[in-house]
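Taking it in order: structure first as structure tokens, then the write-up.
Protein chains get the first letters and strands the later ones, always in sequence-line order, with residue 1 at the start of each.
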Protein chains: 2
Amino acid sequence: MGIIQRKEREKEEMRRLILDAALRLFRERGYDGVSIRNIAEAIEYSPGTIYLYYKDKSEIFFALQYEAAAVKRDHLLPVADIADPWERLVEFGRRYVDFGMKHPDLYDLLFITRAPMEYIENQECWKLGMATHAFFQETVQACVDQRYFKSTDTETIAYTLWCHAHGLVSLFVRERMRMYPEEQRQELAEKSFAMIVKMAESL
Amino acid sequence: MGIIQRKEREKEEMRRLILDAALRLFRERGYDGVSIRNIAEAIEYSPGTIYLYYKDKSEIFFALQYEAAAVKRDHLLPVADIADPWERLVEFGRRYVDFGMKHPDLYDLLFITRAPMEYIENQECWKLGMATHAFFQETVQACVDQRYFKSTDTETIAYTLWCHAHGLVSLFVRERMRMYPEEQRQELAEKSFAMIVKMAESL
DNA sequence: CTTGACAAATGAACAGTGTTCATTATATTT
DNA sequence: AAATATAATGAACACTGTTCATTTGTCAAG
């Protein structure tokens with residue numbers, strides 16, 4: 001009785017089709033710039049069909065946000081193998097920024113977009129993000145434990161470093177760096193990352 | 001011939017009426033959550049009337065963004081009187097963050113919202129923002145000149161500090177601090193500001 | 001094979017959106 | 001008071017997210 005399995009597979013393929021089209025369109029025109037009809041047209045189905053696979057537009061958003069969180073986790077994963085906590089922390093930061101620069105649309109989805117946040121705590125995506133954040137805090141804690149910093153306020157250190165990284169990426173993603181010539185932006189971001197690392201060394 | 005003056009005044013009053021209503025509604029429900037019909041209803045006029053005073057919805061947005069930039073400038077203005085560049089810089093940062101915390105909706109308008117950015121360079125608001133940014137960079141330059149930092153890379157220093165401040169405020173404004181208990185967020189932000197100041201001292 | 005049952009896809013319909021414009025109402029000038 | 005100029009209207013257009021009765025397609029049983 002492989003029929004229900006095939007049906008399940010087809011259902012999954014359809015969801016994939018919708019998500020791929022939605023992500024591509026969201027990338028190009030933003031969440032509000034894309035209509036269900038646009039997505040339907042892109043996959044050559046009628047608008048009503050979308051609603052057989054996702055209960056509304058925000059659920060498509062949440063599905064994409066979850067995938068973004070997974071991409072981010074995979075991007076950060078190799079860091080876990082680094083034994084030295086300070087090196088691990090620096091590499092975590094580098095990869096965090098790198099993820100944001102390489103996938104501005106996904107970063108936006110995760111950390112900037114105002115989409116229905118009300119019940120985000122209940123989403124799978126939130127748990128994934130919390131796990132990553134916990135890993136980050138543990139790394140900072142390990143640095144504190146091994147006296148890499150003068151300060152012992154793990155939470156504030158972690159938060160301060162996050163603020164810088166998020167500020168760096170989000171100014172870039174939301175195009176608030178227009179006062180700097182375009183070819184200079186990437187370099188400035190790298191210099192700033194190096195600087196915050198230096199600053200953290202004497203923390 | 002006071003009639004045309006009165007007409008001009010009435011026109012100005014009408015624009016004020018629209019902006020006040022729009023800001024209140026944007027605050028409550030965000031740019032996309034508010035329709036022209038909502039604004040019209042709020043001021044008890046028909047939708048078409050709005051278009052006699054603003055050519056489209058984005059122009060209302062730009063007008064509000066300009067006002068936000070003016071509020072921000074006024075909030076930062078007292079800083080200019082501080083003679084010592086380091087003290088001036090710290091106070092600038094404190095007030096920048098304070099502005100963001102006190103006026104999250106205006107901060108959002110200025111530094112986060114994705115509204116039609118295409119021609120923002122031509123807007124009055126942009127010039128205002130550029131002037132403030134220039135003042136900030138000059139203050140950092142003054143610190144560099146007086147050997148407050150070991151580093152002499154003014155641009156990177158200014159940008160790094162801005163990244164932290166923007167990250168701090170925007171994580172707050174876009175509700176990405178839910179992993180911290182609400183009553184702790186304000187305190188954490190203050191601690192982080194103090195920490196970046198300490199870090200900057202040994203820059 | 002045909003029939004009946006179930007699932008999938010449709011597209012018209014509803015209430016909303018930004019925006020335009022011919023029409024109506026008001027105010028000013030002659 | 002009549003003519004003119006300005007201001008406000010609200011219906012109309014093409015769009016939006018979403019629902020649902022209807023049609024189409026698939027598959028097992030007779």
Side-chain angles (χ1 to χ4, degrees), chain A residues 1-26 28-65 113-119, chain B residues 1-19 21-23 25-26 28-65 113-119:
Chain A
M1 209 40 153
I3 288 172
I4 52 169
Q5 287 154 32
R6 195 211 60 202
K7 293 244 170 171
E8 192 52 49
R9 200 182 60 232
E10 283 176 354
K11 192 142 190 153
E12 215 47 59
E13 279 168 9
M14 192 65 170
R15 294 168 76 91
R16 228 334 4 103
L17 200 65
I18 293 169
L19 286 187
D20 287 344
L23 180 58
R24 186 174 60 76
L25 292 171
F26 285 164
E28 289 167 15
R29 316 211 286 264
Y31 181 77
D32 290 308
V34 178
S35 70
I36 294 290
R37 282 174 183 80
N38 295 152
I39 299 172
E41 196 177 3
I43 63 171
E44 296 176 303
Y45 278 84
S46 76
T49 304
I50 306 285
Y51 289 87
L52 298 174
Y53 298 90
Y54 292 98
K55 86 173 213 298
D56 57 23
K57 195 182 172 187
S58 83
E59 212 180 62
I60 299 176
F61 173 83
F62 283 131
L64 287 173
Q65 202 179 38
T113 303
R114 244 207 216 293
M117 285 280 288
E118 302 92 56
Y119 299 110
Chain B
M1 211 40 151
I3 287 173
I4 52 168
Q5 287 152 32
R6 196 210 61 203
K7 292 245 171 174
E8 193 50 50
R9 200 181 61 232
E10 281 176 353
K11 193 143 189 151
E12 216 46 60
E13 280 167 8
M14 192 65 170
R15 292 167 78 91
R16 245 296 39 91
L17 200 65
I18 293 170
L19 286 187
L23 180 57
L25 291 171
F26 286 164
E28 288 167 16
R29 309 198 232 122
Y31 181 77
D32 290 308
V34 177
S35 71
I36 294 289
R37 284 173 182 79
N38 296 151
I39 299 171
E41 196 177 4
I43 63 170
E44 296 176 304
Y45 277 85
S46 76
T49 303
I50 306 284
Y51 289 86
L52 298 175
Y53 298 91
Y54 291 99
K55 89 173 211 296
D56 57 23
K57 195 182 172 186
S58 82
E59 212 180 62
I60 299 177
F61 173 83
F62 283 131
L64 287 173
Q65 203 179 38
T113 303
R114 243 207 216 295
M117 285 279 287
E118 302 93 54
Y119 299 110

Checklist entry - What nucleotide among C:dG18, D:dT19, C:dT10 has an atom nearest to a side-chain atom of A:Y45? => result C:dT10
Checklist entry - Tell me: CD1 of A:I36 to P of D:dC15, nearest whole Å? => result 17 Å
Checklist entry - Can you say whether the rings of B:Y31 and B:F26 are parallel (under 30°), tilted (30 to 60°) or perpendicular (over 60°)? => result tilted
Checklist entry - Between B:I18 and B:Y45, is any pair of side-chain heavy atoms under 4.5 Å apart? => result no
Checklist entry - Which part of the nucleic acid does B:S35 contact within heavy-atom distance under 4.0 Å: base, sugar-phosphate only, or nothing? => result sugar-phosphate
Checklist entry - B:E44 has an atom CD; how far is it from atom C1' of D:dT9, in whole Å? => result 15 Å
Next on the checklist: Quick check on DNA chain D: between B:I50 and A:G33, whose nearest nucleotide comes earlier from the 5' end?
Outcome noted: B:I50
Checklist entry - Starting at CG of A:L52 and ending at P of D:dT18, how long is that distance when rounded to a whole Å? => result 14 Å
Item to check | Whole-Å distance separating the NZ atom of B:K55 from the C1' atom of C:dC21 | outcome: 18 Å
Checklist entry - Are any of B:S46's side-chain N or O atoms less than 4.0 Å away from OP1 or OP2 of D:dG10? => result no
Next on the checklist: Strictly below 4.0 Å, N to O, side chains only: are A:D20 and A:R24 in salt-bridge contact?
Outcome noted: no
Next on the checklist: From NZ of B:K57 over to P of D:dC15, roughly how many Å is that when rounded to an integer?
Outcome noted: 18 Å
Item to check | Candidate nucleotides D:dT18, D:dA7, C:dT19, ranked by approach to the side chain of B:D56 - the nearest | outcome: C:dT19
Checklist entry - Going through the checks in order, is the side chain to side chain contact (heavy atoms under 4.5 Å, CB included) test met by A:R15 and A:E12? => result CA-CA 5 Å; A:R15 294 168 76 91; A:E12 215 47 59; 3.8 Å; yes
Next on the checklist: Base, sugar-phosphate or nothing for A:Y53? Non-hydrogen atoms, less than 4.0 Å.
Outcome noted: sugar-phosphate
Item to check | N/O donor-acceptor pair, side chain A:R37 with base D:dG17, under 3.5 angstrom | outcome: yes
Checklist entry - With sugar-phosphate meaning primed atoms plus P, OP1 and OP2, does A:N38 contact a base, only sugar-phosphate, or nothing at under 4.0 Å between heavy atoms? => result sugar-phosphate
Checklist entry - What's the OH-C1' distance between A:Y51 and C:dA12, to the nearest Å? => result 15 Å
Next on the checklist: What is the separation between atom CD1 on A:I43 and atom P on C:dA9, rounded to the nearest whole Å?
Outcome noted: 9 Å
Checklist entry - Going through the distances and angles, do B:I43 and B:T49 end up as a side chain to side chain contact (heavy atoms under 4.5 Å, CB included)? => result CA-CA 10 Å; B:I43 63 170; B:T49 303; over 6 Å; no
Checklist entry - Rounding to a whole Å, what distance do you find between A:D32:CG and C:dG18:P? => result 12 Å
